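Before any comments, here is the structure.
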Amino acid sequence: MNLMANILLNVFIAFLVGSILFGLQRKIMARIQMRPGPPIIQHLLHTLKFFIKESTFPRTAAMPFYIAITAMLCFIWIAAVIVGPVTGGSLLLIFAIYAIHKIVEHNAGSSSGSPYGKLSCVRAVFSAAAELPLFAVLIIIYFATGTMNIDQIISYQSTHGPLLYSIPLAAVMFFVLILSKAPYSPFAITKGKDIISGYETEHFGVLRGYLMTSESIAWYMLLWVFLTVFIGGLSPLGYLVGMVVLSVLVAFINATTPILNPNHSVMAQVSLALIGIVGSFALLLY
């Protein structure tokens, strides 16, 4: 298979699996809360539906940046697929893409001129203060394996066993980062119910389709990185099972916990990060 075909296949798989996992989360959350819930394919159907709906543009939007930012959000996660599953590149690049995602998320909110979008973009910056300490997981992984290359991390685990066993607190830190990106998460302050849909409030039609596509690919990639880095290279079925298990766990947490206010969200994540950093280095040293 040539490189372009491999990229297209992996991007399609990421979008399809990520969309269905989002639908699975909503279904499980509904069942836990004693509601029937939507079909599992609902998120996928909504994404496709937006691509055939009429696009609208608020008068307050900063054109053409308002349009371009949605495509940028989608393209950066496609880049993550290329760096990760396609080429097995550097884990550092994956986290750099996540950092760019935070910048684009901020600009998506500010470009619309909506007060809800503006508040969301402020919260995106605020949430970054909590997520940056969680990036310390990179340092922990480097100290444990001596490399940032994804293929070499997989090779290390094939010899020494999954990192999930040797640095479990680092895995918890990364899981918290994943949890913060899930819909209805206790840490999802950028799209809290008090600000409608946050930075997505004013985006409709094709623009919302791009945003929902990027969310599905991002969810797939975060789960893929977690499984690859802390368990090792898996078969396609192994990845699918692992992603379903993680999504079910996230759905249970989201269904049984309230959305925290921004201050509590940041403090909770920073506290977990500090415990994880200190505990992980203690495990590595002793």
Side-chain angles (χ1 to χ4, degrees), residues 14-50 70 73-74 76-77 80 98 101-102 104-106 108-109 116-117 119-121 123-124 126-128 130-131 134 174-204 207-226 243-262 264-266 268-269:
F15 166 67
L16 182 63
V17 173
S19 298
I20 293 175
L21 289 176
F22 272 149
L24 177 64
Q25 282 185 57
R26 290 186 64 187
K27 191 70 171 181
I28 293 172
M29 289 174 63
R31 291 301 187 184
I32 291 173
Q33 296 169 351
M34 302 182 69
R35 297 182 286 110
I40 292 177
I41 61 171
Q42 191 66 53
H43 191 275
L44 175 62
L45 294 178
H46 275 171
T47 303
L48 298 177
K49 175 188 70 176
F50 277 116
T70 57
L73 196 59
C74 194
I76 62 174
W77 285 110
Y98 184 88
H101 160 79
K102 297 301 296 181
V104 177
E105 185 181 80
H106 171 273
Y116 302 112
L119 184 55
S120 177
C121 75
R123 289 188 179 183
F126 196 47
S127 66
E131 294 169 4
L134 297 175
F174 194 84
F175 179 77
V176 171
L177 189 63
I178 293 174
L179 181 61
S180 70
K181 302 310 299 177
Y184 315 106
S185 163
F187 304 124
I189 61 175
T190 59
K191 292 195 290 184
K193 294 179 181 178
D194 56 328
I195 51 174
I196 317 298
S197 296
Y199 62 89
E200 296 180 350
T201 300
E202 300 296 338
H203 291 84
F204 200 72
L207 302 183
R208 177 61 71 89
Y210 278 128
L211 290 176
M212 294 185 71
T213 299
S214 69
E215 288 174 350
S216 298
I217 297 175
W219 184 249
Y220 174 91
M221 278 306 303
L222 288 172
L223 297 180
W224 183 89
V225 170
F226 180 91
M243 290 178 182
V244 169
V245 170
L246 289 173
S247 295
V248 169
L249 180 58
V250 168
F252 178 81
I253 294 172
N254 293 349
T256 55
T257 56
I259 296 178
L260 301 175
N261 69 40
H264 293 162
S265 174
V266 170
Q269 291 181 76

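This one's a predicted model, so the numbers in the text were calculated from it and none came from an experiment.
- Atom CD1 in Ile217 sits 11.0 Å away from atom CG in Leu16 (nearest 0.5 Å).
- Taking Ser19 as the reference, Ser216 meet the side-chain hydrogen bond (donor to acceptor under 3.5 Å, both in side chains) condition, with sequence neighbours excluded.
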Could you please spell out the steps behind the side chain to side chain contact (heavy atoms under 4.5 Å, CB included) verdict for Phe15 and Thr47? CA-CA 10 Å; Phe15 166 67; Thr47 303; 3.7 Å; yes
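- Interatomic distance, Lys49 NZ to Gln42 CD, rounded to the nearest 0.5 Å: 7.5 Å.
- Rounding to the nearest 0.5 Å places CD1 of Ile40 at 10.0 Å from CG of Leu21.
- The side chain to side chain contact (heavy atoms under 4.5 Å, CB included) test applied to Ile32 returns Ile28, Phe252, Ala255, Thr256, not counting sequence neighbours.
- In this structure, CG in Leu207 is found 13.5 Å from CE in Met212, a value given to the nearest 0.5 Å.
- Heavy-atom minimum distance, Pro36 versus Lys27: O-NZ, 3.0 Å.
- Shortest non-hydrogen contact noted between Val250 and Ala182 is CG1-CB, 3.5 Å.
- Ser214 pairs by the side chain to side chain contact (heavy atoms under 4.5 Å, CB included) definition with Leu73, Cys74, Trp77, not counting sequence neighbours.
- Between Lys181 atom NZ and Leu222 atom CG the span is 8.5 Å, to the nearest 0.5 Å.
- A distance-only check finds a donor-acceptor pair linking the side chain of Ser185 to the backbone of Leu179 [under 3.5 Å].
- For Phe175, there are no ring pair (Phe, Tyr, Trp, His ring centres under 6.0 Å) partners, not counting sequence neighbours.
- Residues that satisfy the ring pair (Phe, Tyr, Trp, His ring centres under 6.0 Å) test with Phe22, not counting sequence neighbours, are His43, Trp219.
- In this structure the side chain of Arg26 never reaches within 4.5 angstrom of the side chain of Met29, judged on heavy atoms.
- No side-chain heavy atom of Val17 sits less than 4.5 Å from a side-chain heavy atom of Leu223.
- The distance from the CD1 atom of Ile253 to the CG atom of Leu249 is 4.5 Å, given to the nearest 0.5 Å.
- A search for side-chain hydrogen bond (donor to acceptor under 3.5 Å, both in side chains) contacts involving Arg35 returns Gln33, not counting sequence neighbours.
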